[in-house]
Amino acid sequence: MLKPKWLAFLALVLVVVVAFLLLGRWQLTAAFESAGTAADSEAYVEPVPLGELIAPDTWVTDEAAARPIVVEGFLVPGDFGVVEGRLQDGVSGFWVVGHFAVTDDGTTSFGGVDASELPGMPVALGWVADEAQAVQAIASLSAAESNLGSAQTPLVVLAKLEVGQDPVPARDGDPQRILSMSPGQLINTWATEASDYYPAWLLATAGLPVPAPLEGIDVVPIDDSLQIDLLNIFYAIEWLVFCVMAIYIWWRMVRDDYVTDKAEKSDAAVAERVRRELLLELANKRDRER
């Protein structure tokens, strides 16, 4: 039969075990909640007007970065360029970029009659593996100005709004080489100045000409795969181990106490039996002496 002190200790152990189980459940919940699709994942699927995310001369917020947008405007003839070192399917190549004049961002119609009266923004049009082919694509764009749109006949463009990158200097020191999508560096190459500038850039997905041999730029999809946080799973298992250890420690202490008591009772019984035998032998010895 358990002693009262061990029953009281068992109650304390059970309280501790329940606390450990709750902590383990919390870790499991955190692991599976982090594996679900982000609450704002739908915001990265449906395009919204550019003006809802950014205005000229304002920065891109974290919530606006990589969002699909729709905007009206046109490509400014003569303001095309090449950005080096752009990867597509693991192959390093070149992007053809241009000057996109925004006529209507979905919230504001800017009303300019030409690019100098409209806000401008760099736009990436397409990828090609060879620089000579990039130059060829720019020549094709320049030769087909009617496809570029205008202030009077703007194009409706779908794109992703991207955060501007820091400029990267060329190792050979050539200032004409552009190695990153740095809005400030790209804007400085334009022949036509804009009325205002966006400190961001667009990755065109539809609505702008992509002459051969340009290829459309691969857009990295939002990662909505199931990704369980293994660290939280490890912590949940750890709390379960603590539960088992708490119960084991209680059982081991009770068992040791029981074994000790049993041994003490056995020693006392042996001592009593020996004492009686000695007394009996002493009594017999006295009887024989008489």
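Keep in mind the model is a prediction, meaning the values are calculated, not measured.
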* Asked: Do the side chains of Met121 and Leu161 get nearer than 4.5 Å, heavy atoms only?
  -> yes
* To do: Locate the shortest heavy-atom distance separating Gly164 from Trp201; write the atom from each residue and the value.
  => CA-CD1, 3.8 Å
* To do: Look only at the side chain of Thr103 and the backbone of Ala151, and say whether a donor-acceptor pair between them is shorter than 3.5 Å.
  => no
* So Phe80 and Leu75, side-chain contact (heavy atoms from CB on, under 4.5 Å) or not? Walk me through it. -> CA-CA 9 Å; Phe80 296 104; Leu75 291 170; 4.2 Å; yes
* Compare all side-chain heavy atoms of Thr192 with those of Asp114 and state whether any distance is below 4.5 angstrom. => no
* At what distance, to the nearest 0.5 angstrom, does CD of Glu72 lie from CG of Asp104? -> 5.0 Å
* Asked: Which pair of non-hydrogen atoms, one from Glu215 and one from Gln88, has the smallest distance, and what is that distance?
  -> OE1-NE2, 3.6 Å
* Asked: Would one find more than 12 heavy atoms of other residues, nucleotides or ligands at under 6.0 Å from atom CH2 of Trp26?
  -> no
* Asked: Does any non-hydrogen side-chain atom of Leu118 lie less than 4.5 Å from one of Phe74?
  -> yes
* To do: Spell out, yes or no, whether Val270 and Leu278 are grouped together once hydrophobic residues are joined by side-chain heavy atoms under 4.5 Å, including indirect joins.
  => yes
* To do: Determine, using the 4.5 Å side-chain heavy-atom cutoff (strictly less than), whether Phe100 and Trp95 are members of one ILVMFWY cluster.
  => no
* Smallest separation among heavy atoms of Ala191 and Asp79, with atom names -> N-OD1, 2.6 Å
* Asked: Among all residues two or more places apart in sequence or in another chain, which pass the side chain to side chain contact (heavy atoms under 4.5 Å, CB included) test with Leu231?
  -> Asp229, Tyr235
* Structure fact -> When every non-hydrogen atom of Pro119 is compared with those of Ala194, the smallest separation belongs to C-CB, 4.2 Å
* Asked: What distance do Ser266 atom OG and Asp261 atom CG have between them, rounded to the nearest 0.5 Å?
  -> 12.5 Å
* Any side-chain heavy-atom pair of Asp196 and Phe110 under 4.5 Å -> no
* Asked: Under a 4.5 Å side-chain heavy-atom rule over Ile, Leu, Val, Met, Phe, Trp and Tyr, are Val244 and Phe234 clustered together?
  -> no
* Where Ser140 and Pro211 come nearest, the two heavy atoms and their spacing -> CB-CB, 3.9 Å
* Structure fact -> Correct closest heavy-atom pair for Glu272 and Arg275 would be OE2-NH2, 2.7 Å
* Asked: Between Val156 and Val71, does a side-chain contact (heavy atoms from CB on, under 4.5 Å) hold up when you go through it step by step?
  -> CA-CA 6 Å; Val156 178; Val71 62; over 6 Å; no
* Residue from Val97, Thr189, Ile138 passing side-chain contact (heavy atoms from CB on, under 4.5 Å) with Val82 -> Ile138
* Run through Val135, Ile217, Leu141, Val123 and flag the one making a side-chain contact (heavy atoms from CB on, under 4.5 Å) with Val96. => Leu141
* Asked: Is there a path from Leu87 to Val168 through hydrophobic residues (I, L, V, M, F, W, Y) whose side chains come within less than 4.5 Å of each other?
  -> no
* Asked: How many angstroms lie between atom CG of Leu240 and atom CZ of Phe20, to the nearest 0.5 angstrom?
  -> 11.5 Å
* To do: Salt-bridge test for Glu281 and Lys285: reply yes if a basic N is under 4.0 Å from a carboxylate O, no otherwise.
  => no
* Asked: Looking at side-chain heavy atoms only, is the closest gap between Ile178 and Val83 below 4.5 Å?
  -> yes
* Would you please classify the geometry between the Trp6 ring and the Phe9 ring as parallel, tilted or perpendicular, with 30° and 60° separating the classes? => tilted
* Asked: Salt bridge between Asp256 and Arg252, side-chain N to carboxylate O under 4.0 Å?
  -> yes
* Asked: Does Pro68 reach the side chain of Leu158, with side-chain heavy atoms less than 4.5 Å apart?
  -> no
* Asked: Are Lys5 and Asp257 close enough that some pair of their side-chain heavy atoms sits under 4.5 Å apart?
  -> yes
* Structure fact -> When rounded to the nearest 0.5 Å, the distance separating CG of Leu148 from OG of Ser142 is 7.5 Å
* Rounded to the nearest 0.5 Å, what's the gap from CG on Asp218 to OG1 on Thr205? Could you check? => 12.5 Å
* Take atom CD of Glu117 as the centre, draw a 6.0 Å sphere, and report whether it contains more than 12 heavy atoms from other residues, nucleotides or ligands. => yes
* To do: Give a yes or no on whether Met253 and Trp250 share a hydrophobic cluster (residues Ile, Leu, Val, Met, Phe, Trp, Tyr; joining criterion: side-chain heavy atoms under 4.5 Å apart).
  => yes
* To do: For residues Tyr198 and Pro183, determine if any side-chain heavy atom of one lies less than 4.5 Å from a side-chain heavy atom of the other.
  => no
* Asked: So Trp190 and Val76, side-chain contact (heavy atoms from CB on, under 4.5 Å) or not? Walk me through it.
  -> CA-CA 9 Å; Trp190 294 349; Val76 180; over 6 Å; no
* Structure fact -> Distance col, row Trp127:CH2 vs Asp89:CG, nearest 0.5 angstrom, shows 7.0 Å
